[in-house]
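Before any comments, here is the structure.
Naming convention: chains lettered A, B, ... in sequence-line order (proteins, then strands); numbering from 1 in each chain.
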Amino acid sequence: MMETFGLLAHGLSVVLTPENLLLCLLGAVFGTLIGVLPGLGPVATISLLMPITFSLDPTGAIIMLSGIYYGAQYGGSTTAILVNIPGESTSVVTAIDGYKMAQQGRAGDALAIAAIGSFIAGCFGTLIIAFAGPPLAQLAQQFTSPEYFSLMVFGLVAAVVLANGSLISALAMIFLGLLIGMIGMDVNTGAARMTFGMIELSDGVSFVAMALGLFGVAEVICNLEDSASRALNSSRIERIWPTRAVLKSARGAIFRGTLLGSLFGILPGGGATMASFSSYALEKRVAKDSSRFGNGAIEGVAGPESANNAAAQTSFIPLLTMGLPTSATMALMIGALTLHGIAPGPNVIMRQPDLFWGLIVSMFVGNVMLIIINLPMIGLWVRLLRIPYRLLFLFIIVISAIGVYSVNNSPFDIYLMIGFGLLGYLLRKFNAEPAPMLMGFVLGPMLEENFRRSMLTSRGDLMIFLERPISLGLLFISALLLLSIALPSIRAGREDVFQE
Amino acid sequence: MKQITLRGSADLYLGLLLLLISGVVIWYISGLEIGTVRRMGSGFFPLALALILAGFGLILAIRGVLTRGIGAGPITIRPLLLILLSFVVFALLVDRIGLIFAIFAQISVAHFASDETKIYQSVIFGAVLAVLSAGVFVGLLNMPVELLP
């Protein structure tokens, strides 16, 4: 306990340098910005800014990139409440009651409760990382290659939950990602694999090009298709501090949303989006009068907004302690860490204490910055909503082109991004979500490496995965999870959550 | 804008796309050493993954033919082609005529991808973007790229 506080104090000393404070603020501002603007998500933005962080030290880079992620959770609610368009997928349910409240002239209440709930949840989630991270990492340190292989399998199976299309297409997306992850030089034999004779591919497919193509470019094209005018009429905000009565009625929902979100964030495949949906469903169930939901119930804003922010923080736990990404955004964080020469896993806490504790403290600092950025300065962000998409998309494509080019200073990566843009566009049209593909891509090389190592130690005996208790347990849970998604009755329940 | 509506279900097209990808991969990696489970060659994992992917593609294609699922979304040719083309233009030009003109070229192609763009806005915004990118990427971040021809 005391030890943790000592380490947090060390983290504070890391964050309190002008450079890291500035990066934290930049992350918070960028995050709010893309959260507010519909059609620009954290995945595209983080992959866009990743090349720029090359010149920074790894701690500062991760502080900024993660600030974008949790900052987007704050900003997303603003758009959802004021104009009924979710700025982020995590704010879809916030729009239901939040927008109703705005129409009733209670926009200020909704915005304030969303920000306060996010703040409380964000701080709580960060505390959980500080206290649960080190013991989990210690546990993970006992893992050898069979356990890692099973852990990766578990993570991939859970990623299926992320996609709301059909089970088969989500599984197919994972395997497509795994396959693309194989491109490049084979580490064991040095043979070039699937490079199609292109020397540029020998180091593998550029992560930035792939993420930006699948999410950035494909999204721009889809957004340009429906030329239904994006006229955004926002309601007026009168006062920004909620009355005591509003605070009191939101208290329980914030509390429940925080706990639920913290739990969902840790689970692979959970993530912030699932957390907010589940929280809304929970609030509706525990409410005395559930008919208020959909008509401007404050709990419908407080619960999901707390849940998505708590989950955004705690999803860093599996990443930093086991190297397991639980969502596409966390897969990007793995990419960012790897680019800086840090292998995500149980050794991060021991070998990179500056990074781990600095990141945790930066999350506290970032949450304080965010509540200031989002409450008193709300007017500024509302004005930003008036930027027409016909200008915004030009900005996005130019920055994408320069960003991808700058990774290797070669036009090759731009062509790669074009290819992935086309692929991402087609997948969307064919009702398949590209998010699980990114997970497969990141986990593919690790999956192969650990499988091959296991096979070497067991002399080709597949039973090794079932003989070790942790590995067996992980595979068993994965099988259960897969079964529960495949069974039609439970699947109908899953779709209910998405439709509610 | 003109749209192409694909007949049949989304599953069918997804299945065909996956079959195409896995087919190309299997054909291309046939030269790699497969090995055994005990001593895996470099081709073992890719081949296994490609075969599984082909299996999924086949299931999806068959399901798409047999059942009437969700149809494939309509494809709008103009934004698709012009946005992708605008990136090609940037990639072709950036090493030849410098960053600033490459940005202008990209925007002048992308301008026509939307019905809502206005020529004077795109020109002014393009100029702002070119100056800003030059300042941030080359001035601030020292990106090694020529600004002008």
Handout entry: Shortest non-hydrogen contact from Ala50(B) toward Leu179(A)
Key = N-CD1, 3.9 Å
Handout entry: Nearest heavy-atom neighbours spanning Leu391(A) and Phe125(B)
Key = O-CE2, 3.1 Å
Taking [options] one by one, which has the highest count of heavy-atom pairs under 4.5 Å against chain A?
options: Ala48(B), Pro74(B), Ser9(B); answer: Pro74(B)
options: Val94(B), Asp95(B), Ile29(B); answer: Asp95(B)
options: Ile75(B), Ile21(B), Ile59(B); answer: Ile75(B)
options: Leu80(B), Leu92(B), Val88(B); answer: Leu80(B)
options: His111(B), Gln3(B), Gln121(B), Arg78(B); answer: Gln121(B)

Region of [X] in contact with chain B, defined by heavy-atom distances below 4.5 Å:
X: Ile414(A); value: side chain
X: Ile174(A); value: neither
X: Ile183(A); value: neither
X: Met185(A); value: neither
X: Phe412(A); value: neither

Problem - Worked check of side-chain contact (heavy atoms from CB on, under 4.5 Å) between Leu84(B) and Tyr425(A) - result: CA-CA 11 Å; Leu84(B) 295 184; Tyr425(A) 176 83; over 6 Å; no
Sidechain-backbone polar pair: [X] side chain, [Y] backbone, donor-acceptor under 3.5 Å:
X: Glu116(B); Y: Arg390(A); value: no
X: Arg193(A); Y: Ser42(B); value: yes
X: Tyr405(A); Y: Ala91(B); value: no

Fill in the blank from the handout: Honestly, the part of Ile70(B) sitting under 4.5 Å from a heavy atom of chain A is side chain
Handout entry: Side chain, backbone, both or neither of Ile83(B) within contact of chain A (heavy atoms, under 4.5 Å)
Key = side chain
Problem - Phe87(B) vs Ser400(A), side-chain contact (heavy atoms from CB on, under 4.5 Å): CA-CA, chis, key distance, verdict - result: CA-CA 9 Å; Phe87(B) 282 109; Ser400(A) 302; 4.1 Å; yes
Practice task
Go through the steps for Met173(A) and Leu18(B) under the test side-chain contact (heavy atoms from CB on, under 4.5 Å), then give the verdict.
Solution key: CA-CA 9 Å; Met173(A) 284 308 103; Leu18(B) 296 180; 4.2 Å; yes
